[in-house]
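Side chains included, hydrogens not; waters and symmetry mates left out as well; all remaining heavy atoms used. Just follow the structure's listing: the first ligand is 1, and inside any ligand the first atom is 1. Throughout, residue positions are numbered sequentially from 1 according to the sequence presented.
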Amino acid sequence: QTSRTADTRAGIPVADITATGPGPAPIQQAMDLMREHGPAFVRRLYGRDTLFVGDLDLVADLADEQRFAKHIGPGLENVREFAADGLFTAYNDEPNWAKAHDILMPAFALGSMRTYHPVMLRVAQRLIASWDRDAGAGKPVDVPGDMTRMTLDTIGLAGFGYDFGSFERAEPHPFVESMVRCLEWSMTRLARVPGQDCSAQDAAFRDDSAYLAQVVDEVIAARTGTDQSQADDLLGLMLTAEHPADGTTLDTANIRNQVITFLIAGHETTSGAMSFALYYLAKHPAALQLVRREVDELWGDAADVEPTYDEIGRLTYTRQVLNEALRLWPTAAVFARQAREDTLLGGRIPMRAGDSALVLTPMLHRQPVWGDNPELFDPSRFTPEAEAERPVHAFKPFGTGERACIGRQFALHEATMLLAMLVHRYRLGDHADYRLDIKETLTLKPEGFTLALTPRTSAD
Ligand code: HEM
């Protein structure tokens, strides 16, 4: 359904998708186009061109911070409508980016995870209590739904001392529903046919984004002026920490934008990553067996484990499983870079200052550097030896450079602990012989993935 013409700039293939539009799964569509046209192609939609790249050399070049920087493309411009100058959507030269980055960085250093560990464990135990109930009732568990409940409660409590109480609700918290709709609006707005009347969608979006702001203002109000405002978490830092250089603090509007940003960035991506990891474990008994061996060595057949912070660092194979799931389905699947100056990308593609390219991470993660069978789920790709041999830019689930993911250690600590606890406790029954069906709402998730759980016995 796509036409192929030569891009006048550099002989790059052009795929014009105007006739079909990007559909409900633009990332998977772009992956198919890249399989067809090669690892650098231009996607044309209603005359608007986007350069997609997946080639390792080109991505390594785009990672050069001297010549390239993060680009806020049309997708992130849409997210800016509700996250404004929060860290994720701030322009590179917006003063609030550097200010918030400097103030918040220490809260995300590896050592800081020790502070969040008890809260992460508490929320993991909520999920387990809920899964025990479902397992006892013979009811399959909704994996992506429950992962989202767990990551939302974790970032809410660890970041802001706010309890969304997601496991006490039959339906997702209304904040999540509004947020998902805002993200969907950001995505579908990219695909609008010129001239189409979208005023109803835009009005609904404005209601949703006003609701997000209202919830966040309540979260902030619950803390401001109380002795809790000094608390040792993200919101405490935002309310009180002074910038090392000039002694100023973050302003109120920016704090609201940061809280919305962290609630969004901090949970959809991580819950998708854990869902994919469980999917691959349910489908790959040999890998599951190795995770079991690792967790059993740590915890034997104890019924209710309470992992310590240090134990999470010892779960090396579990971590490899997570990395391999993030290789195949990096849940934030694209990031955009822009040229700081006129330059030749990869020595061959001319870019003017301000021109941008989108890195299609799932395709970077399927390049020849990953071997002959990149579709195969194989956690041994992430042994320390294999990692040492691979070029650094071959694996980019968390983006690149100074605008890379600030929450990476947070996500990995939370996800590694939970995966290990689940594998230790349950047999993962793929009762519906699930076929991967990936839903896109700017992030990726295995839609409709359920598992039938049974408790493990020492014989398992
Ligand atoms: C940025 C992925 C978890 C907060 C990013 C970027 C990626 C990413 C690819 C760069 C985007 C770009 O260049 O445009 C992921 C994945 C996660 C995850 C795959 C989970 C597996 C988290 C968590 C938090 C978080 C748990 C917060 C607690 C952020 C923030 C930024 C960011 C604030 C913007 C940083 C900046 O520009 O200064 N993330 N993320 N992320 N992430 Fe994450």
Trainee: Considering only heavy atoms, does Lys70 approach ligand 1 within less than 4.0 Å through its side chain, its backbone, both, or neither?
Mentor: side chain
Trainee: Which of the numbered atoms in ligand 1 are under 4.0 angstrom from any heavy atom belonging to Gly399?
Mentor: 9 (C)
Trainee: Do the side chains of Glu168 and Arg126 get close enough for a salt bridge, i.e. N-O under 4.0 angstrom?
Mentor: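 So Glu168 does not pair with Arg126 through a salt bridge.
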Trainee: Between CD of Glu294 and NE2 of His424, what distance do you get to the nearest 0.5 Å?
Mentor: 12.0 Å
Trainee: For ligand 1, is any non-hydrogen atom under 4.0 Å from Thr361's backbone (N, CA, C, O), its side chain (CB onward), both, or neither?
Mentor: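 The answer is neither.
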Trainee: Would one find an N or O of His101, backbone or side chain, under 3.5 Å from an N or O of ligand 1?
Mentor: no
Trainee: Check for me whether the distance between the ring centres of Phe377 and Trp370 falls short of 6.0 Å.
Mentor: no
Trainee: Looking at Thr270, which atoms of ligand 1 are within less than 4.0 Å of one of its heavy atoms?
Mentor: 3 (C), 20 (C), 21 (C), 26 (C)
Trainee: To which of Ser271, Ala265, Ala69 does the heavy atom nearest atom 29 (C) of ligand 1 belong?
Mentor: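 Of the listed residues, Ala265 has the closest heavy atom.
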Trainee: Among protein heavy atoms, which lies nearest atom 37 (O) of ligand 1, and at what distance?
Mentor: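 Looking at atom 37 (O) of ligand 1, the protein heavy atom closest to it is Arg403 NE, 2.7 Å.
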Trainee: Please could you name the atoms of ligand 1 that Thr331 approaches to less than 4.0 Å, counting only its heavy atoms?
Mentor: 19 (C)
Trainee: Short list, please: which atoms of ligand 1 are under 4.0 Å from a heavy atom of Ile155?
Mentor: 28 (C)
Trainee: Could you state the interatomic distance from OG1 (Thr441) to CE (Met179), rounded to the nearest 0.5 Å?
Mentor: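 Separation between the atoms: 8.0 Å.
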Trainee: Looking only at side-chain N and O atoms, does Glu311 offer a donor or acceptor that is under 3.5 Å from a partner on Trp299?
Mentor: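 Checked: Trp299/Glu311 side chains pair up, N/O donor to acceptor below 3.5 Å.
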Trainee: Ring-plane angle category for His284 and Tyr280, please: parallel below 30°, perpendicular beyond 60°, tilted otherwise.
Mentor: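 The arrangement is tilted - the two ring planes meet at 30° to 60°.
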Trainee: Would you mind finding which of Val359, Val79, Thr269 brings a heavy atom closest to atom 17 (C) of ligand 1?
Mentor: Thr269
Trainee: Tell me, which protein residue and heavy-atom name are nearest atom 40 (N) of ligand 1, and how many Å apart are they?
Mentor: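 Among all protein heavy atoms, the one nearest atom 40 (N) of ligand 1 is Cys405 SG, 3.0 Å.
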Trainee: Examine the proximity of ligand 1 to Ala404 and report which part, side chain or backbone, both or neither, has a heavy atom under 4.0 Å away.
Mentor: backbone
Trainee: Taking only heavy atoms of Trp97 into account, list the atoms of ligand 1 that are under 4.0 Å away from them.
Mentor: 36 (C), 37 (O), 38 (O)
Trainee: Among all protein non-hydrogen atoms, which one is nearest to atom 31 (C) of ligand 1, and what is the separation to 0.1 Å?
Mentor: Phe88 CD1, 3.7 Å
Trainee: Please state which part of Phe398 comes within less than 4.0 Å of ligand 1, counting heavy atoms only: side chain, backbone, both or neither.
Mentor: both
Trainee: Is the shortest distance from a Lys or Arg side-chain nitrogen in Arg169 or Glu177 to a carboxylate oxygen in the other one below 4.0 Å?
Mentor: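 Salt bridge: no.
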Trainee: Give me the nearest non-hydrogen protein atom to atom 30 (C) of ligand 1 as residue plus atom name, then the distance to 0.1 Å.
Mentor: Ile406 CG2, 3.8 Å
Trainee: Can you tell me how far the CG atom of Leu328 sits from the CZ atom of Arg366, to the nearest 0.5 Å?
Mentor: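 Output value for this atom pair is 5.0 Å.
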Trainee: Charged N to carboxylate O under 4.0 angstrom, Arg181 versus Glu184?
Mentor: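 Salt bridge between Arg181 and Glu184, a charged N being under 4.0 Å from a carboxylate O: no.
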Trainee: In terms of residue, atom name and distance, what is the protein heavy atom nearest to atom 2 (C) of ligand 1?
Mentor: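 Going by distance alone, atom 2 (C) of ligand 1 is nearest to Pro397 O, 3.5 Å.
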Trainee: Among all protein heavy atoms, pick the one closest to atom 13 (O) of ligand 1 and tell me residue, atom and distance.
Mentor: Phe335 CB, 3.5 Å
Trainee: Measuring from non-hydrogen atoms of Pro330 to any atom of ligand 1, is the shortest distance under 4.0 Å?
Mentor: no
Trainee: Under the salt bridge (charged side-chain N to carboxylate O under 4.0 Å, His left out) rule, what do Asp202 and Arg192 come out as? Steps first, then yes or no, please.
Mentor: CA-CA 12 Å; Asp202 292 347; Arg192 286 184 182 176; 2.6 Å; yes
Trainee: Under a 4.0 Å N-O cut-off, is there an ion pair linking Glu389 with Arg381?
Mentor: no
